[in-house]
Novice: 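Got a structure here, written out as structure tokens. Questions coming.
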Protein chains: 2
Amino acid sequence: MSLDHILLGYLQTPATGYDLGREFEEGARHFWFAERSQIYPTLRRMEKRGWLESHQAPSERGPQRKVYTRTQEGLAELRTWLTEEPRIGHERLAYIAQAAFLGSVPDLEDAIQVVRRMRAVWEQKLAYLEYAESEVLAQAGDWLDQPREAFHMYSALRLGLAQYRAKLAWCEETIHRLERRRAAAGNDATEEVP
Amino acid sequence: MSLDHILLGYLQTPATGYDLGREFEEGARHFWFAERSQIYPTLRRMEKRGWLESHQAPSERGPQRKVYTRTQEGLAELRTWLTEEPRIGHERLAYIAQAAFLGSVPDLEDAIQVVRRMRAVWEQKLAYLEYAESEVLAQAGDWLDQPREAFHMYSALRLGLAQYRAKLAWCEETIHRLERRRAAAGNDATEEVP
DNA sequence: GGACACATGTAACAAGTTACATGATTGG
DNA sequence: CCAATCATGTAACTTGTTACATGTGTCC
């Protein structure tokens, strides 16, 4: 039940389901995503469990907002989740499967194209995080002095950056090796050597 | 529907649900996981769609095996899935959320301990992949000459290695910075500076 | 005889996705 | 008036998890 705990994390300051949905559309989408149609019932369930409380509040523009506040039980639950164990489980990285089975694509050029398109996607995502980092660094001079909350948020951002950079380095290496393979195959005049 | 396509990828050679389950317990668990209770009905569904065919075969040791074979339609479906688009979507990386919200853990030492435990888990996973790599390299001298299938499998393995190494580098950096923070806080005699 | 690996499944439940319904307010 | 943004939700469906049921053959 990670979504519950991610919502608890963001509810350090009170927010509505709509606000939380925006987090997943922006920064949070780099590690998690949830539709609002999942967020709204989840918040209700969490309130029933006593992790949250809610009250109505007027909106600047639009209908009434249902603002959720984290309770002491909610904070305790979050702390348990955070410290109990590393939340490393069964990740679902379909792109690794795609890379692994690219041998089933007969034309080598098509396979290279797949990796090039992966690179394009990750370059965009990296650019987003790099922009986010530049904003953080502009606001906070020496981030070692920042409050704990900001420190760990930035730390997580750096984890994201490191991972996208590792992916991009792999893309460059892989495209290069595939192109060398293509050149070798081209010299033989045949597409594949059995 | 990634599970379907991962199964199609592994069914380059015929296999049973039990065999495929073992893949997820071993190498495949680094990018995907599925229980056999999910695999068996999925294979049935895929057979109904015409992506697979099955036949009974005796087991060396145990009851009859239901061996699935990939059809031409199955292979075509896999090729479409592989080349259509990069399978980069909404990854669910709960450990990044954990890193991001560590500011909600009041004792800095507990937060450091979380990162140390992440490091321990990823070190184990990296060791597994490094062993797998050593086996691959022992069998195949220059892997550039390997058949396409083996080439891409090894390439995916390198992607996994690169990512665990990036995670571990982040752990080292983060633990180091948190320890410096702790030292600074210790000099003040107070736990947290507001 | 008992533990273990092999082998296939079902049922109930939880989590996540897709499509849709409803309605307020603002800006062009 | 229309489109966009704000705002909350429901229903049907797919995907994934947990717990259990059943039975074979091998090794100690």
Novice: What is the distance, rounded to the nearest whole Å, between atom CG of Asp4(A) and atom P of dA14(C)?
Specialist: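 Whole-Å distance recorded here is 12 Å.
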Novice: Whole angstroms only, please: what is the CD-C1' distance between Gln38(B) and dT10(C)?
Specialist: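 To the nearest whole Å, that distance equals 15 Å.
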Novice: Taking the six-membered ring of Phe151(A) (Phe, Tyr or Trp), confirm whether the NZ or CZ of Arg181(B) is under 6.0 Å from its centre and within 45° of its axis.
Specialist: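 Geometry flag: set, cation within 6.0 Å and 45°.
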Novice: Just N and O in the side chain of Arg44(A): are any of them under 4.0 Å from OP1 or OP2 of dG9(D)?
Specialist: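 Answer yes for this pair, as a side-chain N or O of Arg44(A) is under 4.0 Å from OP1 or OP2.
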Novice: Closer than 4.0 angstrom, basic N to acidic O: yes or no for Glu23(A) and Arg29(A)?
Specialist: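 Salt bridge: no.
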Novice: Expressed in angstrom and rounded to an integer, what is the separation of Phe33(B) atom CZ from dT15(D) atom P?
Specialist: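 For the pair Phe33(B) CZ and dT15(D) P, the rounded distance is 18 Å.
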Novice: It should be established whether Arg92(A) places a side-chain nitrogen or oxygen under 4.0 Å from OP1 or OP2 of nucleotide dG16(D).
Specialist: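 For dG16(D), OP1 or OP2 has a side-chain N or O of Arg92(A) closer than 4.0 Å.
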Novice: Any Lys/Arg nitrogen of Glu123(B) or Lys167(B) sitting under 4.0 Å from an Asp/Glu carboxylate oxygen of the other?
Specialist: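 Judged by the 4.0 Å cut-off on N to carboxylate O distance, Glu123(B) and Lys167(B) do not form a salt bridge.
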Novice: Answer yes when Glu91(A) and Arg92(B) have at least one side-chain N-carboxylate O distance shorter than 4.0 Å, and no when they do not.
Specialist: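 Salt bridge absent between Glu91(A) and Arg92(B).
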Novice: Using a heavy-atom cut-off of 4.0 Å across all strands, would you classify Ser37(B) as base, sugar-phosphate, or nothing?
Specialist: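 Base, at least one base atom sits under 4.0 Å.
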Novice: Between Arg45(B) and Glu35(B), just flag the one whose closest nucleotide in DNA chain D comes earlier from the 5' side.
Specialist: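 Final value for this comparison: Arg45(B).
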Novice: To the nearest angstrom, how far is Phe24(B) atom CZ from dG16(D) atom P?
Specialist: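 Those two atoms, CZ and P, are 10 Å apart.
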Novice: In this structure, how many angstroms lie between the P atom of dT5(D) and the CZ atom of Arg36(A), rounded?
Specialist: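 From Arg36(A) CZ to dT5(D) P: 12 Å.
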Novice: So does Tyr40(B) get a side-chain nitrogen or oxygen closer than 4.0 Å to the phosphate oxygens (OP1/OP2) of dT8(C)?
Specialist: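 Yes.
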Novice: dA7(C) C1' sits how many Å from Asp19(B) CG, rounded?
Specialist: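 Rounded to whole Å, this separation is 10 Å.
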Novice: Can you tell me if the side-chain N/O atoms of Ser59(A) get under 4.0 Å from OP1 or OP2 in dC6(D)?
Specialist: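 False: Ser59(A) side-chain N/O out of range (4.0 Å or more) of dC6(D) OP1/OP2.
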Novice: Please state how far atom CD in Gln64(A) lies from atom P in dT8(D), giving the value in whole angstrom units.
Specialist: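 So the CD-P distance, Gln64(A) to dT8(D), works out to 10 Å.
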Novice: His90(B) or Pro41(B): which one's nearest nucleotide on DNA chain C is closer to the 5' end?
Specialist: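 Nearer the 5' end of the strand: Pro41(B).
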Novice: In whole Å, what is the span from the CD atom of Gln56(A) to the P atom of dA24(C)?
Specialist: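 Going from Gln56(A) (CD) to dA24(C) (P), I get 15 Å.
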Novice: Looking at Tyr68(B), is Arg44(B) sitting on its ring face, NZ or CZ under 6.0 Å from the six-membered ring centre and within 45 degrees of the normal?
Specialist: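 Relative to the ring axis of Tyr68(B), which defines the angle, Arg44(B) lies outside at least one limit.
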